[in-house]
Amino acid sequence: MAIFRLENPVQHYDWGSQNAMCELFGMANESGRPMAELWMGAHPKAPSMALVDDPVPLNALVDDQAAHLGRGSLEKFGHRLPFLFKVLAAAKPLSIQSHPNKQQALAGFVHENHLGVPLDAFHRNYRDDNHKPELLYALTPFRAMNGFRSLDEMRFLFEMAGLESLVEALCWLGEGKLRAFYEHLMGLKEEKKDCLVAAALSFAETSDHPAWQEVCRLNQFYPGDIAVLSPLLLNVVELTPGQAMFLRAGTLHTYLEGTALEIMACSDNVLRGGLTSKHVDVPELLKTIEFVTVAPADVYLKPEREENGETRFVSPVDDFLFSVIQSEQASEPFQVKAAEILFCVEGHQCIRAGERSVELTPGSACFISAMAESYRVEGVGRLARATSTP
Ligand SMILES: [Zn+2]
């Protein structure tokens, strides 16, 4: 068998929206808890269930038969599904965060194992040994922070509010010393942080500049946290539905509000700097951040139209390949070289691989094994296709 319907676990993180997934996909939320993320993949923390005869965790299915992954994927990424695919619905800002690169993740994971920190411990930083670059595709208008602004923009925003101590720190450190500035800010004594946040907020309340308004909004959720100043340091970007952006591992970022699809290397490694009730570890965060400025226009991914109604969003990493299929009544076959997950965003499709087929409606997903070799899509709507480079 080469195609399976998936049942996908929901993560109820406190920043999640109670109703976004219900409204978009008609999902039920009887408990009324926040539905933050729907995970589609084989991460051992919360694998999807493949509906064979009895449900089987997707990681067990893949462990049992490596051929599900495809030869190219096995050679490149070893015996695991290389990506994790999610629906993410943020009603509140997430933590300010960065993700490790491969070497950092491996070293951190081995180190914490060596220290005997349980995998599910509150203060565990590295839950696996993988890097975590991310691609985000907006389903609704979506706001995020992605990468450092230019130093000139930072200075302009500090000067507006008369935050002389920050202007001085920037000048004193000079060009190319972003790391020293961020370490200085995060390392301030508590009372200095309090004074700075108080001064910033008294200006923010009077300002109609979007970066300063974002400071106000963050402070409503996390009052007094020094990280409420992040919009002054980071690009605040807005995606319209159908736009996508990429986040390199090592990019300081967070998501602010909206619903999106997210695909990443299969990892749950997050280093946090604030805006959360989860574990914050600033020294470890500082080790993983790439201190480079990013032009906001450079975070967006250019859509590339393929045949068969497919639009691809190509990122610089191999671990995942993301595209959107606008399906018509019947399609030409799609070739499968590596394992795939298809998620129905809109409409109703029947996915046929050989003798088997799976019906998809909004919010539902299926796994296609590399052994399928090809499949057809019948029915009108929009599918999101997640795979890795073959
Ligand atoms: Zn992230």
Side-chain angles (χ1 to χ4, degrees), residues 11 13-17 36-41 43 45-46 82-102 104-105 108-109 124-139 142-148 182 214 218 221-222 227 230-231 233-239 243-282 284-292 294 296 299-301 313 315-317 319-320 322 386:
Q11 306 286 358
Y13 307 135
D14 59 6
W15 48 261
S17 166
E37 294 183 345
L38 181 82
W39 282 29
M40 297 175 277
H43 195 283
K45 179 178 150 184
F83 62 87
L84 177 60
F85 190 25
K86 296 178 182 176
V87 179
L88 180 147
K92 288 201 268 184
L94 281 68
S95 58
I96 189 88
Q97 59 186 258
S98 150
H99 306 295
N101 64 30
K102 271 186 191 156
Q104 291 161 345
F109 185 68
R124 179 101 192 188
N125 283 321
Y126 297 94
R127 292 174 195 272
D128 52 69
D129 63 0
N130 207 4
H131 69 161
K132 192 173 179 261
E134 298 173 337
L135 180 156
L136 187 121
Y137 170 85
L139 294 173
F142 196 93
R143 276 193 351 281
M145 290 193 272
N146 182 344
F148 286 103
Y182 193 66
E214 209 61 61
L218 288 178
F221 294 113
Y222 303 101
S230 303
L233 312 179
L234 303 181
N235 295 306
V236 178
V237 294
E238 299 216 21
L239 284 80
Q243 264 189 321
M245 70 172 182
F246 180 67
L247 291 132
R248 299 158 58 90
T251 304
L252 191 62
H253 68 281
T254 191
Y255 302 138
L256 296 166
E257 193 174 27
T259 304
L261 296 172
E262 194 190 18
I263 185 165
M264 65 212 71
C266 185
S267 171
D268 194 31
N269 288 326
V270 187
L271 287 315
R272 301 182 191 87
L275 310 181
T276 184
S277 54
K278 293 185 187 174
H279 177 54
V280 170
D281 187 338
V282 172
E284 200 62 31
L285 172 77
L286 291 170
K287 284 190 211 166
T288 65
I289 297 175
E290 277 187 30
F291 285 94
V292 290
V294 182
V299 307
Y300 297 100
L301 289 173
F313 294 87
S315 85
V317 296
D319 308 67
F320 52 78
F322 176 81

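All residue numbers refer to positions in the sequence shown, counting from 1. All ligand and atom numbering here is 1-based and tracks the order in the structure. Atom set for the values below is all heavy atoms of this structure, side chains included, hydrogens, waters and symmetry mates excluded.
- The number of heavy-atom neighbours closer than 6.0 Å to CZ of R248, taken from other residues, nucleotides and ligands shown, is 12 or below.
- Side-chain contact check for N269 and D128: at least one donor-acceptor pair (N or O, by modelled atom type) lies under 3.5 Å.
- Distance alone, capped at 3.5 Å, is enough to place a donor-acceptor pair between the R272 side chain and the H279 backbone.
- A 4.5 Å side-chain heavy-atom check between E37 and W15 finds at least one atom pair inside the cut-off.
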Worked check of side chain to side chain contact (heavy atoms under 4.5 Å, CB included) between Y13 and L94 | CA-CA 9 Å; Y13 307 135; L94 281 68; over 6 Å; no
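- The set of protein atoms (N, O or S) found at less than 2.8 Å from the Zn ion (ligand 1) reads Q97 OE1, H99 NE2, E134 OE1, E134 OE2, H253 NE2, by chain and number.
- In this structure, F291 and Y182 have tilted ring planes: the angle between them lies in the 30° to 60° band.
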